[in-house]
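First up is the structure itself, then whatever we jot down about it.
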Amino acid sequence: MQTLHAAFVARIDAVLNALEMEGVLPADTPRANVTVEPPRDPSHGDLATNAAMVLAKQAKTNPRALAEKIVEHLEREPDIVEATIAGPGFINLRLSPEAWRRELLAIAHLGQDYGRSDMGKGQTVNIEYVSANPTGPMHMGHCRGAVVGDALSGLLEWAGHRVTREYYVNDAGGQVDVLARSAHLRYREALGDDIGEIPEGLYPGDYLKPVGERLAQEFGPAYKDAPEGEWLELFRQRSVAAMMDMIREDLSLLGIHHDLFSSEAELQAAKKPEAAEAWLREHGFVYDGVLEAPKGKAPPEDWEPVELPLFRSTEFGDDQDRPIKKSNGAWTYFGADLAYHFQKAEKADALIDIWGADHAGTVKRIKAAVAALTKGAGRDVPFDVKLVQMVKLLRDGEPVKMSKRSGTFVTLADVVNEVGKDVVRFTMLTRKPDAQMEFDFAKVVEASKDNPVFYLQYAHARIHSTLRKAGVEPSDAHLDRLGDDELALVREASQFPRVVESAAKAREPHRIAFFLGDLAAAFHSFWNAGNDDPSKRIIQESDPELTAARLFLATQVGQVIRNGLAILGVEAVEEM
RNA sequence: GCGCCCGUAGCUCAGUCGGAUAGAGCAUCAGAUUCCUAAUCUGGGGGCCACAGGUUCGAAUCCUGUCGGGCGCGCCA
């Protein structure tokens, strides 16, 4: 069953085909810019298209003249009551009530699939998000990227992509050695040693105590006084595994479950970075060279020029070439990361990374490396890095103090426990991710006002309470009883498939959240009309046919709200 | 000094790869509840879309510059 949106996109397309046949438009005119959407001002009509304005130049005519040709065809379409040309060349369409009733049936028929699209054609998209270092629990700094990445995954699935949700486990760098040493300290503590203050440079958090206890249980005192070389590797593996269990648990509080956890250590053990380096060297992207001291700032005291293998990222707009290996021979983060991206690209048609804004400086080099590697392999895999800006935590307008050093950061689990999964997720999705945002506990726990989640959930709950109270089953038997006010709700809801597609194309899940706000507002408004005028209430005791039709309408509005919330991973409640 | 992101109503933010009279929530003012859930709704006031140029039929949107805020700038991760 086709949605109204899909049907009209197809119709406009058919008209343009016809115009190409007639020679009005040149053959194979690109149409990517043609849109079909409701005009901002509803008095202009139900749908509008910019086709004439976008294509006029290619047709070597002016927009209004082309619009007239298009209108000639559109007027012959059965569902179109009126097609008019307005302003610089918009074509406004007014649809028959029958078209809207059919859309209502389409929502009912498609149910929880209403809004899904095959736009993505089953292409595989790998989305890497979170990828927090496995050295402690998730804190609020990770939260926004986690939610945005997860919602984007859901959105792209709805738009017809196959999505792999991936987490890159940085278990090979110096930070996991620090973790292992910190765990060893807790291990000694569990065995009865007085460890005193946690030394500078080790992780102080209490979350390592259970890790130490388990190590003590498992190994007894075997490694208590042993030299580091005997236990470091073992303790690293054990503690990373423990941290990842903890992180997975934190993520599941937010309803986030990755499909794949990729280990940097395994990647290195498989010699993937070596393979990438060899290829890059062969093709002139990597050379041995000496970096200049950093400009603008005073160079570090121990600055020494050293020859290192460098990736030519300057050729891709970066400030300087970037080392892929350290002077001690180990891979840099970048060196391993480019191999990792190449590995992902082998199994996906497109890659997306969600990063915190503090990593913005490294976007150019990794994009350059991926472009070089994938094109070299004969596969042009589009790669997009979405930057998620910082979240400023407030409580009653006052910044919440955080210090990693003392271990007093705000954990994600604390926040979810305090305000709830749905609130955290939705709040993170009501702002575009590339702008900084504020997150105020005091405002967000309040069950109203500054909290748009409840507004949506209330609309959904109202619909369900009406269904419970009505004593009549919703029915599509008499949809002709629905008037303009009611069909206006269908018009609003019918935008959902289009919003899903455009949000997916732009990779901006927050658009779903804003659409749902508009839809809920339309419903609340419709509901309240019944306060002033009882004949507008959904339940009409003396008219079961009308009641059933209005219940049917309300049910479908609820369905669309539920579908939208499902994309965002937020629950639709039936009672409040 | 350089790079990236942002600057829209008093506040928090939307604004569709350039489109019609720039929107919403909060706050504020005036109203609506014997009634399907008022956690809601109706209406009013409030704008140099940071500033200055440019591109064109048309700019909040694209380009250049300036100012302001954030993030980053070693072989860290």
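Lettering of chains follows the sequences in order, A, B, ..., and the numbering in each one begins at 1.
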If the C1' atom of B:C11 is compared with that of B:C76, how far apart are they to the nearest Å?
-> 39 Å
### Task
Answer with base, sugar-phosphate or nothing: what part of the nucleic acid does A:A48 contact at a heavy-atom distance below 4.0 Å?
base
Face-to-face contact A:H359 to B:G72 six-ring, under 5.5 Å, under 30° = no
Among B:A39, B:C75, B:A77, the one nearest any side-chain atom of A:Q320 is B:C75
Per-nucleotide protein contact along nucleotides 11-18 of chain B, 5' to 3', at a 4.0 Å heavy-atom cut-off (B base, S sugar-phosphate only, - neither), is -SSSSBB-
Whichever of A:L308 and A:F90 has the more 5' nearest nucleotide on RNA chain B, that residue is A:F90
Writing each nucleotide of RNA chain B 5' to 3' as (, ), [, ], | or . by Watson-Crick or G-U pairing under 3.5 Å yields (((((((..((((.....[...)))).(((((.......))))).....(((((..]....))))))))))))....
Minimal heavy-atom distance between A:H464 and A:R562, with the atoms involved, is NE2-NH1, 3.4 Å
Discussion item. Under a 4.0 Å threshold between the charged nitrogen and the carboxylate oxygen, would A:E508 count as salt-bridged to A:K432?
Written reply: no
inquiry  = Heavy atoms only, 4.0 Å cut-off, all strands: where does A:D337 land among base, sugar-phosphate and nothing?
reply    = nothing
| said: So does A:A330 get a backbone contact from the side chain of A:N328, meaning a donor-acceptor N/O pair under 3.5 Å? | reply: yes
Original post:
Contact class for A:G174 (heavy atom, under 4.0 Å): base, sugar-phosphate, or nothing?
Top reply: sugar-phosphate
Per atom distances to the A:S525 side chain, the nearest of B:A32, B:C41, B:C5 is B:C41
Less than 4.0 angstrom between a side-chain N/O of A:W527 and OP1 or OP2 of B:A38, yes or no? yes
- Query: So, is A:Y455 near the phosphate of B:C26, with a side-chain N or O under 4.0 Å from OP1 or OP2?
  - Reply: no
Below 3.5 Å is the cut-off: list the nitrogen or oxygen pairs between protein and nucleotides 54-58 of chain B, distance only.
none

Closest heavy-atom pair, A:W331 versus A:P273, reported as atoms and distance to 0.1 Å, is CE2-CB, 3.3 Å
On a heavy-atom basis, the closest approach of A:P137 and A:M246 is N-CE, 3.3 Å
| request: Tell me what A:V499 touches on the nucleic acid: a base, only sugar-phosphate, or nothing, going by heavy atoms under 4.0 Å. | output: nothing
Ranking B:U37, B:C5, B:C76 by distance to the side chain of A:K326, first place goes to B:C76
